[in-house]
Amino acid sequence: MPELPEVETTLRGITPYVKGQKVVAVHIRQPKLRWPVPSELHELEGQVVDSLQRRAKYLLMHTLKGTVIIHLGMSGSLRICDHDTAPGKHDHVDIVLANSHLLRLQDPRRFGSVLWTQQINRHPLLCALGPEPLHEAFNARYLYEKSRSRKVTIKTFIMNAHVVVGVGNIYASESLFMAGINPKTIAGRLSMARYEKLVFAIKTVLSLAIEQGGTTLRDFVSAEGQTGYFQLALSVYGRTGKPCQQCQKPIRQITQGQRSTYYCTSCQT
DNA sequence: ATGCTAACCTGCGCGC
DNA sequence: TGCGCGCAGGTTAGCA
């Protein structure tokens, strides 16, 4: 599920319930996630969550003693529940708070992860990441320089977290459509002017999606447990064979790097 | 360094 | 109704 806007929406949803709260218990029902949930996660018990943060698609919960790193993978979601809410089949980890709430991770496919580190600044999953897409450091000059001599397609390039974080499969297609760029173009051959358009598109598309609370697809549920989010109008993603909203030609679906790509063969060159 | 592939899982919708 | 198949929002390890 979660693309960056959903992770950001989750962060904003859970923060009022979690920030400043003491953790009274941690329950690990299913430790077999993307990586095993470490038993050291119990060191969280008795700690106060001082602050919450998003980096790429990781949610970070900081305490004096260490940091919880949560990733939602493909199908994960976090919800605030009451202490007495019975866990379901895919509710793998609970972080029980002193305020009668608990933070519950549900993840049917178990591609997500819950980790614990005392050295957040040196964590291998985080320290090699590229810039945040909505920060100033992510700009056309940066992408242009970074792409010189790169032979992968532009779709694959912008989905590479070492290049820029947080551009997932939906918004990669949507951004390339907005920028009018064919997803099969080799990254190293795109002009500066086209990178200007692309960076603008990525920032715009992600900002809009965050504003609207994240695109709801399949099993995403907001932090408050709602499912009825307004669905951001998608121009190309999932619209195989349907008419392009600009030129009416059918949207084409191809596979790039084991992922589906959607684009308009006449609007995107 | 760069690029490509397999791998980790469950659930759902489709055609038969 | 049931079954098999293909597909799904992510990311890393490991290999050429």
Side-chain angles (χ1 to χ4, degrees), chain A residues 1-11 29-37 54-59 69-78 88-93 105-115 123-130 133 145-176 184-189 202 205-206 209-210 212-223 227 229 231-241 253-262:
Chain A
M1 72 124 225
E3 290 238 11
L4 182 138
E6 282 79 8
V7 179
E8 181 66 28
T9 299
T10 297
L11 172 74
R29 282 183 217 87
Q30 169 58 278
K32 293 179 182 172
L33 303 186
R34 175 69 167 82
W35 287 282
V37 180
R54 177 187 62 72
R55 172 71 174 111
K57 291 172 188 165
Y58 295 95
L59 285 165
I69 303 172
I70 298 175
H71 196 288
L72 299 176
M74 293 275 257
S75 58
S77 59
L78 284 171
K89 184 180 178 183
H90 301 296
D91 293 336
H92 307 312
V93 176
L105 173 74
Q106 177 186 66
D107 186 4
R109 290 180 71 181
R110 291 194 271 126
F111 286 176
S113 50
V114 181
L115 301 170
H123 197 281
L125 290 179
L126 301 176
C127 60
L129 293 173
E145 299 294 349
K146 189 90 176 168
S147 66
R148 294 308 93 181
S149 83
R150 299 296 292 268
K151 298 188 167 50
V152 291
T153 66
I154 188 61
K155 163 83 162 6
T156 298
F157 186 63
I158 60 174
M159 287 186 69
N160 182 344
H162 297 303
V163 174
V164 57
V165 301
V167 181
N169 203 36
I170 295 178
Y171 298 119
S173 282
E174 292 297 314
S175 300
L176 288 165
K184 294 192 282 191
T185 311
I186 300 303
R189 297 182 55 191
I202 289 171
V205 162
L206 290 177
I210 289 170
Q212 302 185 16
T215 305
T216 304
L217 289 177
R218 220 156 263 131
D219 45 6
F220 176 69
V221 178
S222 80
T227 54
Y229 264 123
Q231 180 158 345
L232 183 68
L234 299 175
S235 297
V236 289
Y237 184 85
R239 297 194 65 243
T240 312
Q253 176 179 359
I254 61 174
T255 298
Q256 294 181 290
Q258 308 171 323
R259 313 298 299 278
S260 286
T261 300
Y262 304 84

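Numbers restart at 1 for each chain; the letters A, B, ... are given by sequence-line order, proteins then strands.
A donor and an acceptor atom, one from each side chain of A/Asn169 and A/Lys155, are located under 3.5 Å apart. There is a side-chain donor-acceptor pair under 3.5 Å between A/Gln253 and A/Ser260.
Map A/Gln258 and A/Lys89 each onto its nearest nucleotide of DNA chain B; the residue landing nearer the 5' end is A/Gln258. The residue among A/Gly257 and A/Leu33 whose nearest nucleotide of DNA chain B lies closer to the 5′ end is A/Gly257.
Looking at heavy-atom distances under 4.0 Å, A/Arg259 makes contact with a base. At a threshold of 4.0 angstrom between heavy atoms, the contacts of A/Phe157 with the nucleic acid are absent.
C/dG10 atom C1' lies 14 Å from atom CG of A/Leu59, rounded to whole Å. Rounding to whole angstrom units, CZ of residue A/Arg109 and C1' of C/dT12 are separated by 15 Å. A straight line from CG of A/Leu125 to P of C/dT11 spans 10 Å, rounded to a whole angstrom. Here the P atom of nucleotide C/dT12 and the CH2 atom of A/Trp35 are 6 Å apart, to the nearest Å. For the pair A/Arg110 CZ and C/dA8 C1', the interatomic distance rounds to 17 Å; values are reported in whole Å. In this structure, the NE2 atom of A/His162 is 12 Å from the C1' atom of B/dG3, given to the nearest Å. If you measure from atom CD1 of A/Ile70 to atom P of C/dT11, you get 15 Å, rounded to the nearest angstrom. Distance, A/Asn160 CG to C/dG10 C1': 13 Å, rounded to whole Å.
In this structure, B/dC9 forms no base pair with any nucleotide, since neither Watson-Crick nor G-U wobble geometry is met with both distances under 3.5 Å. Nucleotide C/dT1: unpaired (no Watson-Crick or G-U wobble partner with both distances less than 3.5 Å).
The closest side-chain heavy-atom distance from A/Glu3 to A/Leu72 is not below 4.5 Å. Residues A/Leu4 and A/Val7 form no side-chain contact, since every pair of their non-hydrogen atoms from C-beta on lies 4.5 Å or further apart.
Ring-to-base geometry places A/Phe111 in a stacked arrangement with B/dC8 (centre distance under 5.5 Å, plane angle under 30°).
Distances were taken from every side-chain heavy atom of A/Ser260 (C-beta onward) to each of C/dT11, B/dT2, C/dC7; the shortest belongs to C/dC7. When each of B/dG3, C/dT12, C/dG10 is scored by its nearest atom to the side-chain atoms of A/Lys57, the top-ranked nucleotide is C/dG10. Among B/dC4, C/dT12, C/dA8, the nucleotide with an atom closest to any side-chain atom of A/Tyr237 is C/dA8.
In this model, the phosphate group of B/dG11 is approached by a side-chain N or O of A/His90 to a distance below 4.0 Å at OP1 or OP2. Here A/Arg34 does not reach the OP1 or OP2 of C/dT12: none of its side-chain N or O atoms lies under 4.0 Å away. In this structure, A/His71 reaches the C/dT11 phosphate: one of its side-chain N or O atoms is under 4.0 Å from OP1 or OP2. Within the 4.0 Å cut-off from OP1 or OP2 of C/dA8, at least one side-chain nitrogen or oxygen of A/Tyr262 is found.
Residue-environment remark: CZ (A/Arg29) exceeds the threshold of 12 foreign heavy atoms within 6.0 Å.
Between C/dG6 and B/dA6, the two P atoms lie 15 Å apart (nearest whole Å). Taking the P atom of each, C/dG14 and B/dC9 are spaced 16 Å apart, rounded to whole Å.
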Next on the checklist: Before you tell me yes or no, could you show the steps for A/Leu125 and A/Tyr58 under side-chain contact (heavy atoms from CB on, under 4.5 Å), namely the whole-Å CA-CA distance, both residues' side-chain angles and the distance that decides it to 0.1 Å?
Outcome noted: CA-CA 9 Å; A/Leu125 290 179; A/Tyr58 295 95; 3.9 Å; yes
